[in-house]
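See below for the structure under consideration.
Being a predicted model, the structure only gives us computed values, none of them experimental. Below, each value reflects all heavy atoms present in this structure, side chains not excepted, and no hydrogens, waters or symmetry copies. By convention in this document, chain letters (A, B, ...) are assigned in the order of the sequence lines, proteins followed by strands, and residues within each chain are numbered from 1.
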Amino acid sequence: MSNKVIYGVFEDEEILLNSAKALRSKGVRIADVFSPFPIHGLDPVIGIKPTRLSNAAFFYGLFGTSFAVWMTWYMLISDWPMNIGGKPNFNWMLNMPAFIPVTFELTVFCAAHGMVLSYLLVNKLYPGRKPHNPDPRSTDDKFIMEIRTTENGKHNEADIMNVLRETGAVEINHKELK
Amino acid sequence: MEQHSSVTVRQPLILGKKTYHQISEDIAKPIEGKANGLFKIVFTISALLALWGVGCFAYTIGTGIGVWGLNKTVGWAWDITNFVWWVGIGHAGTLISAILLLFRQRWRMSINRSAEAMTIFAVICAALFPVMHMGRVWVAYWVLPLPNQFGSLWVNFNSPLLWDVFAISTYFTVSLVFWYTGLIPDFATIRDRQMKPRMRKIYNILSFGWSGSAKQWSRFEEVSLVLAGLSTPLVLSVHTIVSMDFATSVIPGWHTTIFPPYFVAGAIFSGFAMVLTLLIIMRKVLHLEDYITISHIENMNKVIILTGSIVGVAYLTELFVSWYSGVEYEQYAFLNRATGPYWWSYWSMMTCNVITPQLFWFKKIRKSLIATFIISIFVNIGMWFERFVIIVTSLHRDYIPSSWTMFHPSFVDIGIFIGTIGIFFTLFLLFSRTFPVIALSELKTILKSTSENPKPPHH
């Protein structure tokens with residue numbers, strides 16, 4: 001059993017999408033696709049589940065809201081109540097309208113930064129990381145499909161390459177993995 | 001898909017016969033090429049102005065804010081005028097990148113990157129003013145809700161000035177990460193083009209090792225959408241809170257409920273003017289005429305008509321309400337604005353903000369680069385005067401006539417203002433030669449549906 005990666009290089013995202021559909025209908029697993037911009041409709045074809053990052057953002061936002069409520073209550077109501085401009089300082093609810101701006105800002109702050117940090121973390125993006133796109137042209141104008149032979153034990157390597165060629169790949173490269 | 005039916009009736013957003021590769025080439029050119037003489041001259045001038053501003057800042061910090069022209073009646077003047085002016089300018093960037101994204105306006109894609117850069121640089125300039133006005137800048141951290149040893153004295157969450165601290169810092173940091181998230185894939189494009197190892201290394205660090213895999217793109221789109229959704233109410237809240245610095249006080253001319261929407265409209269108005277000022281020059285200097293087309297300019301001019309008209313209506317509403325309120329202080333504040341010693345600033349504001357943008361109803365003017373450029377400068381000036389009028393004319397004649405006075409800016413006031421303009425342009429010029437000034441990966445997604453060649457050539 002060989003351990004190879006096949007790269008199908010395409011010049012157009014729609015041709016790649018059709019090729020991916022053809023390969024999937026034959027039961028070939030596609031490991032990844034590298035493209036210069038997002039290809040709409042590709043994710044369900046190659047089996048990528050919708051990301052849950054927005055759910056995470058919601059919970060980060062909820063944390064921000066709760067934190068702001070706790071902070072305003074603790075600092076201005078519980079720890080050191082002060083009479084500022086005659087505004088009620090003995091009860092959080094009565095003083096709440098003045099706390100809305102800070103609560104809102106902290107909600108947005110936590111949701112946005114929490115989400116971006118999670119995004120960088122799950123995508124493994126950080127300064128100094130080595131890029132792993134197989135070909136530098138894939139951030140310019142080439143669309144590259146990656147197929148691993150280990151994931152496609154039932155399929156003959158030559159068959160996969162044939163389908164790629166028939167569906168419009170302009171180049172087919174392969175690499176031996178150790 | 002959704003767009004195809006509209007394509008035939010709309011102007012193409014990308015001119016010329018472009019391919020995906022050509023887009024990368026055109027946008028990478030300013031980064032990879034050498035700076036010409038004009039750039040060096042303009043950069044030197046901006047940097048010198050910035051240095052002069054830094055000198056004035058240092059003088060203020062060393063001596064105290066007594067070196068400004070403020071007096072006991074006019075305790076707020078150019079500093080807060082400049083603060084509001086710069087924050088307002090920043091708003092257009094967020095509007096373009098966030099609100100127009102939610103509205104699926106595809107023309108934003110050629111201009112959002114530079115508009116967001118403008119936002120960030122403008123907010124940096126803005127934030128300098130309140131910090132400087134603290135006088136003792138080394139205790140600026142007192143605005144943060146930190147446990148401290150001064151007695152358990154916490155910050156005052158009832159105060160709009162504290163809301164400002166939260167609003168501006170949230171706005172600045174969220175805009176920064178929104179901008180950077182979009183930059184990551186474009187930095188990767190620049191990185192993968194570099195032959196020289198040093199350039200490759202720099203752009204690899206900037207690109208965070210982006211590879212453009214399907215999963216990365218799927219998450220990228222989700223993050224962009226949610227950040228746009230978060231930034232939209234955020235940008236509206238920021239200028240609302242800035243306006244509350246005035247509206248929650250009891251100064252005639254400030255104490256009005258119309259301020260939040262009026263300030264937000266004014267902010268977008270001035271921001272679009274600054275975007276136009278910058279982009280009309282940038283498209284020429286960086287040869288981006290195919291991407292920032294006359295249709296883009298025209299669309300922005302339409303936003304200027306809309307927001308300029310909202311601002312005009314707000315001015316008239318203020319006048320009406322001051323008369324209708326029957327409050328003599330309120331009535332006097334507006335009479336004094338229009339006919340008092342600062343009449344010239346009031347009428348400059350009216351001319352620049354209400355009259356000049358109405359010229360954009362003419363298609364010829366809307367499509368003329370020179371006319372647009374001149375009007376955008378007028379709007380920039382007018383919006384500066386708007387803040388000056390609101391702040392200084394309301395303060396200089398307060399409740400006791402014996403304390404009536406005028407405000408005269410000192411050379412430090414002027415130096416700091418000019419200095420922030422220098423800082424702004426220095427940063428923007430640096431940006432224009434090191435960063436991809438157009439969101440090229442986003443632009444490639446609309447190439448097929450909106451360029452002059454409906455299908456890029458295949459081989």
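Interface remark: Pro145(B) contributes backbone and side-chain atoms alike to the contact with chain A (heavy atom separation under 4.5 Å). Of the atoms belonging to Asp43(A), it is side-chain heavy atoms, and not backbone ones, that fall under 4.5 Å from chain B. Of the atoms belonging to His113(A), it is side-chain heavy atoms, and not backbone ones, that fall under 4.5 Å from chain B. Interface residue Leu230(B): backbone and side-chain heavy atoms are both found under 4.5 Å from chain A. Within the 4.5 angstrom heavy-atom criterion, only side-chain atoms of Leu120(A), from C-beta onward, approach chain B. Only the side chain of Glu221(B) comes within less than 4.5 Å of a heavy atom of chain A; its backbone N, CA, C and O stay farther away. For Phe220(B), the parts lying near chain A are the backbone and the side chain together; criterion is any non-hydrogen pair under 4.5 Å. Contacts between Ile184(B) and chain A at a heavy-atom distance below 4.5 Å involve the side chain alone, from C-beta outward. Proximity to chain A (any heavy atom under 4.5 Å) is shown, for Pro233(B), by both the backbone and the side chain. Only the side chain of Phe104(A) has a heavy atom closer than 4.5 Å to any heavy atom of chain B. Using a 4.5 Å cut-off between heavy atoms, Ala57(A) contacts chain B through its side chain alone, with no backbone atom that close. Residue Ile46(A) touches chain B through its side chain alone, counting heavy-atom pairs closer than 4.5 Å. Heavy atoms of Asp32(A) lying under 4.5 Å from chain B belong exclusively to its side chain. With a 4.5 angstrom heavy-atom cutoff, Phe58(A) does not touch chain B via any of its atoms.
A salt bridge is absent between Glu171(A) and Lys142(A); no separation between the charged side-chain nitrogens and carboxylate oxygens falls under 4.0 Å. Of the charged side-chain nitrogens involved, none lies within less than 4.0 Å of a carboxylate oxygen, so that Asp159(A) and Lys26(A) do not count as a salt-bridged pair.
Defined by atom type and a distance below 3.5 Å, a donor-acceptor pair is present between the side-chain atoms of Glu222(B) and Ser54(A). A side-chain N or O of Lys444(B) and one of Ser24(B) form a donor-acceptor pair less than 3.5 Å apart. Between the side chains of Asp135(A) and Tyr7(A), not a single donor N or O lies within less than 3.5 Å of an accepting N or O. Under the 3.5 Å distance criterion, with hydrogens and angles disregarded, no donor-acceptor pair is assigned to the side chains of Asn18(A) and Glu14(A).
For the residue pair Pro436(B) and Phe187(B), the shortest heavy atom distance occurs at CD-CE2, 3.7 Å. For the pair Asp186(B) and Ala439(B), the tightest heavy-atom approach, listed with the atom from each and the gap, is OD2-CA, 3.2 Å. Nearest heavy atoms, Leu225(B) versus Arg104(B): CD1-NH2, 4.3 Å. Taking every heavy atom of both residues into account, Ile14(B) and Lys18(B) meet most closely at CG2-CG, 3.7 Å. The two residues Val155(B) and Val143(B) come nearest to each other via the heavy atoms CG1-O, 3.4 Å. Taking each heavy atom of Phe10(A) and Met145(A) in turn, the nearest pair found is CE1-CE, 3.9 Å.
Contact tally against chain A (heavy-atom pairs below 4.5 Å) for Val238(B), Val165(B), Thr445(B): the top residue is Thr445(B). For the options Asn95(A), Leu42(A), Leu76(A), Ile39(A), heavy-atom pairs under 4.5 Å to chain B are most numerous at Leu76(A). Of all the listed residues (Phe166(B), Trp163(B), Phe208(B), Phe178(B)), the one sharing the greatest number of non-hydrogen pairs under 4.5 Å with chain A is Phe208(B). Heavy-atom pairs under 4.5 Å with chain A were tallied for Ile205(B), Thr189(B), Leu443(B); the largest tally goes to Thr189(B). Options Pro36(A), Pro50(A), Pro131(A) differ in how many heavy-atom pairs under 4.5 Å they form with chain B, and the most are formed by Pro131(A). No other option in Leu125(A), Thr72(A), Ile144(A) has as many heavy-atom pairs under 4.5 Å with chain B as Leu125(A). When the candidates Gly128(A), Ser35(A), Ala112(A) are compared by the number of heavy-atom contacts under 4.5 Å with chain B, Ser35(A) comes out ahead. When Glu442(B), Arg193(B), Arg191(B) are compared by the number of non-hydrogen pairs under 4.5 Å with chain A, Arg191(B) comes out ahead. Contacts with chain B were tallied for Thr51(A), Val33(A), Ile48(A), Asp140(A); Asp140(A) has the most, counting heavy-atom pairs under 4.5 Å.
Under the 4.5 Å side-chain criterion, counting only non-hydrogen atoms from C-beta, Phe67(A) is not in contact with Phe109(A).
Here Thr94(B) contributes atom OG1 and Glu116(B) contributes atom CD; the two are 7.0 Å apart, rounded to the nearest 0.5 Å.
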